[in-house]
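I have placed the structure first, in the form of structure tokens, so that the comments after it can refer back to it.
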Amino acid sequence: MCGIVGYIGSRDSIPILLDGLHRVEYRGYDSAGICVRIPTGLQIIKRAGRISDLSKVVPQLTATLGIGHTRWATHGEPTEINAHPHTDCTGRIAVVHNGIIENYAQLKEQLTWEGHVFMSDTDTEVLSHLIEKELTTGGTSGDVLTAVKKALLKVDGSFGLAVLFSSENRIVAARRGSPVILGIGKEEMFVASDAAALLPYTNNVVYLEDNQLADIHANDYTVTTLHGGAAELAVHRLQVLRSETERGGFKHFMQKEIMEQPEAIANTLRGRITESAIKISILAKDVQRVILVACGSARNACLFGKQIIESLAGISTSVEFASEFRYADPVLSSRTLVVAVSQSGETADTLAAIREATTKGSQTLAIVNVVGSSISREVDSGIYLHAGPEISVASTKAVSCMLTSLVLLALHLSPNQNARVITALHSLSSAVKETLACAPVMQQVAESIAHCTSAFFLGRGLHSAIAFEGAIKLKEISYIHAEGFPAAEMKHGPIALLQKGFPVVVLIPNDELYLKNLSSIQECKARGAAIIAITTRVNPELNKLAEHVIIIPEIIPELQPILSMIPLQLLAYYVASAKGLDVDKPRNLAKSVTVE
């Protein structure tokens, strides 16, 4: 959830640290701080708030070694005291950390009893004091690497961390559960929790595995396990362009990423479809059952995926909350395919679900956007989205690519690939581009409901999943309470909340459920609701009932939900923008949820 950067080399580290923090700020933005090594010791500067607030108070100094952190608060409020880095009693050890130390309370109690003084409410501060203890009384003879290893072996939970020592010209980094990437430069090295921080400086990276520790110097690095064995890791080359992580001419990343969807979907499909066949390489044999595991928007995509897999492949499919999966003691077998769906590929709950599936002997597959991510490395096979970097916390283009990838998976699992669907996939990107032309209309609709405090989203069949997704987008960035329902469920409780002017967004494509959706609209209208209809069909009765009717292109029913989702993304974006909110960095949220 938090962003980590580090630098060691011959350049001034402070501009690099601040720039890197800006690039990973979407991972957390409650508070921020840096620590640099100067001749007199460690200099720490931190502030509550954004990186821009931190930048204003950094003193004029030069240091060639430093670490930085931007925080999404878990333990302790987002205050300056709780901001990272955190130090030991002596001020000679500084730690930045992403993850959760689950046994921090017991460790803190023991360390306090031994005389250690804590300044913050965070779990992270325990790490710096544990390392101090190992250096002074742990029999390590001043060996900082051994001290870090011994300290981390006492920790339960997850961590991606970097450590500075006032006496050492090195960075020590370690990983368990939270990503840590080493960037390899020319006589300089970088550390980050996200490749976005490294793009201006190097394309050569190494991904630490769980329970590995890196000893990083300007000219070299070594990686060992926490138990002492050597580790050899491959050097990967980043394929992301720097321009892909910048806004260009757009006001917000979310707006840019919505508009990038035609190209993103084209990239998802590129090389994977011919005129009449699907060409994806998946290690899945004799599959009798599919389980889709995900969180948030990815789970909404899976709700669509369940229906599309059952429809096209005829395989029984279920959708599970990744956060609940391993605790439910799921019944799995070697003929069960467990599919993890995650934009970042680092979602802690989804990663834990995949590990549970692996332990129980299931086949595993990932649908992720980030090459080299943890989930992608732990599954049997996968489908990369190739959507390009997604910076805005609210996911848009990645979700549309997830829906597209789930269609590909359904076709792949089908004994008889559906030529009609494959043919339609060839025109999907252009249909998405045409759908984006509704943006000016959606801006007007958004301005008419920006004052509202609640909204409903309704859909049937495949579109019920899109209703859920429309609701989560609106609540994420506009802070308007929103709920999605299968349209028929309205009369089983939610309709009690309707009153005059209450906005209800209804997905009503020209399909076999059109008249049933029209009946649902009439039920809502009779209670005074303000109807916003997303449709592919002009209808006089619909025009009479709805305050706003948005016409979008029509494609085959299996793909129509992808087009129907786009006006909902635009609606959420323009509502938040009309309210003057921070669209890309909504309160209390972070892009990559790497803690449980």
Side-chain angles (χ1 to χ4, degrees), residues 1 3 18 21-32 47-57 70-73 77-79 245-261 296-297 389-399 436-457 469-484 501-505 530 532 534 547-548 550 565-592:
M1 301 284 278
L18 293 175
L21 290 177
H22 274 294
R23 293 177 180 278
V24 298
E25 191 173 19
Y26 61 89
R27 295 179 64 92
Y29 33 87
D30 294 332
S31 58
R47 283 292 183 273
R50 303 291 176 87
I51 309 302
S52 56
D53 300 314
L54 174 67
S55 300
K56 295 173 185 176
V57 298
T70 179
R71 182 174 184 244
W72 184 85
E77 296 180 359
T79 62
T245 63
E246 297 174 345
R247 284 202 309 268
F250 293 94
K251 185 177 180 181
H252 299 101
F253 278 109
M254 184 177 180
Q255 183 186 28
K256 174 176 181 278
E257 288 155 9
I258 290 172
M259 295 301 173
E260 287 176 339
Q261 288 178 109
S297 289
E390 191 177 65
I391 306 301
S392 179
V393 167
S395 184
T396 52
K397 65 176 180 177
V399 180
L436 286 167
C438 75
V441 175
M442 295 314 300
Q443 184 172 9
Q444 294 174 7
V445 175
E447 290 169 355
S448 73
I449 69 166
H451 65 284
C452 296
T453 57
S454 291
F456 285 164
F457 291 75
E469 177 59 15
I472 199 173
K473 280 293 158 287
L474 188 65
K475 72 178 73 171
E476 276 181 323
I477 64 170
S478 74
Y479 317 142
I480 292 175
H481 170 258
E483 298 296 336
F502 192 112
V504 177
V505 182
I532 301 166
I534 312 296
E547 277 70 18
H548 303 279
I550 296 90
M565 183 174 65
I566 291 168
L568 308 188
Q569 296 173 342
L570 290 165
L571 179 67
Y573 170 73
Y574 285 122
V575 168
S577 186
K579 295 176 71 172
L581 300 174
D582 191 338
V583 174
D584 290 330
K585 300 182 181 69
R587 69 188 182 200
N588 303 332
L589 298 178
K591 183 65 173 176
S592 179

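Numbers for residues simply follow the sequence, beginning at 1.
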- request: For residues Ala471 and Gly484, report the shortest heavy-atom separation together with the two atoms involved.
  value: CB-N, 3.4 Å
message: Once rounded to the nearest 0.5 Å, what's the spacing between atom CE of Met565 and atom CG of Leu570?
response: 10.5 Å
field: Listed partners of Ser52 passing side-chain contact (heavy atoms from CB on, under 4.5 Å), at least two apart
entry: Arg50
- prompt: Any donor-acceptor pair under 3.5 Å linking the side chain of Ser577 with the backbone of Tyr573?
  reply: no
Atom pair CD1/CG of Ile532 and Leu571 - distance to nearest 0.5 Å: 6.0 Å
message: Treating Lys475 as the side-chain partner and Ala482 as the backbone partner, does any N or O pair qualify as donor plus acceptor under 3.5 Å?
response: yes
field: Distance-minimising heavy-atom pair for Pro78 and Ala48
entry: O-CB, 3.6 Å
- prompt: Can you name the closest pair of heavy atoms from Ala394 and Ile477 and give their distance?
  reply: CB-CG2, 3.7 Å
field: Closest contact, heavy atoms only, Ala32 versus Ile51
entry: CB-CD1, 3.4 Å
field: Geometric class of the Phe456/Phe502 ring pair [parallel <30°, tilted 30-60°, perpendicular >60°]
entry: tilted
- prompt: Checking Lys473 side chain against Leu568 main chain: does a donor-acceptor pair fall under 3.5 Å?
  reply: no
query: For atom CD of Glu447, is the number of surrounding heavy atoms from other residues, nucleotides or ligands below 6.0 Å larger than 12?
result: yes
Separation between CZ of Phe253 and NZ of Lys397, rounded to the nearest 0.5 Å: 10.0 Å
query: Atom CG in Leu474, atom CD in Glu483: separation rounded to 0.5 Å?
result: 10.5 Å
statement: The single option from Val445, Val441, Ile534 that satisfies side chain to side chain contact (heavy atoms under 4.5 Å, CB included) with His548 is Val445
- line: All heavy atoms of Phe457 vs all of Gly470, minimum pair found to be CZ-O, 3.6 Å
query: What residues, two or more places apart in sequence or in another chain, satisfy side-chain hydrogen bond (donor to acceptor under 3.5 Å, both in side chains) together with His22?
result: none
- prompt: In Å, rounded to the nearest 0.5 Å, how long is the span from CD1 of Ile472 to OG of Ser297?
  reply: 4.5 Å
statement: On a heavy-atom basis, the closest approach of Ala450 and Val575 is CA-CG1, 4.1 Å
task: Would you please say whether a donor-acceptor pair under 3.5 Å links the side chains of Ser395 and Glu390?
output: yes
- prompt: Say you draw a straight line from OG1 of Thr396 to CD of Gln255; how long is it, rounded to the nearest 0.5 Å?
  reply: 11.0 Å
task: Please step through side-chain contact (heavy atoms from CB on, under 4.5 Å) for the pair Ile391 and Lys256, ending with a clear verdict.
output: CA-CA 10 Å; Ile391 306 301; Lys256 174 176 181 278; over 6 Å; no
query: Are the side chain of Tyr479 and the backbone of Arg587 linked by a donor-acceptor contact shorter than 3.5 Å?
result: yes
message: For Ile258, is there any backbone N or O sitting under 3.5 Å from a side-chain donor or acceptor partner on Gln261?
response: yes
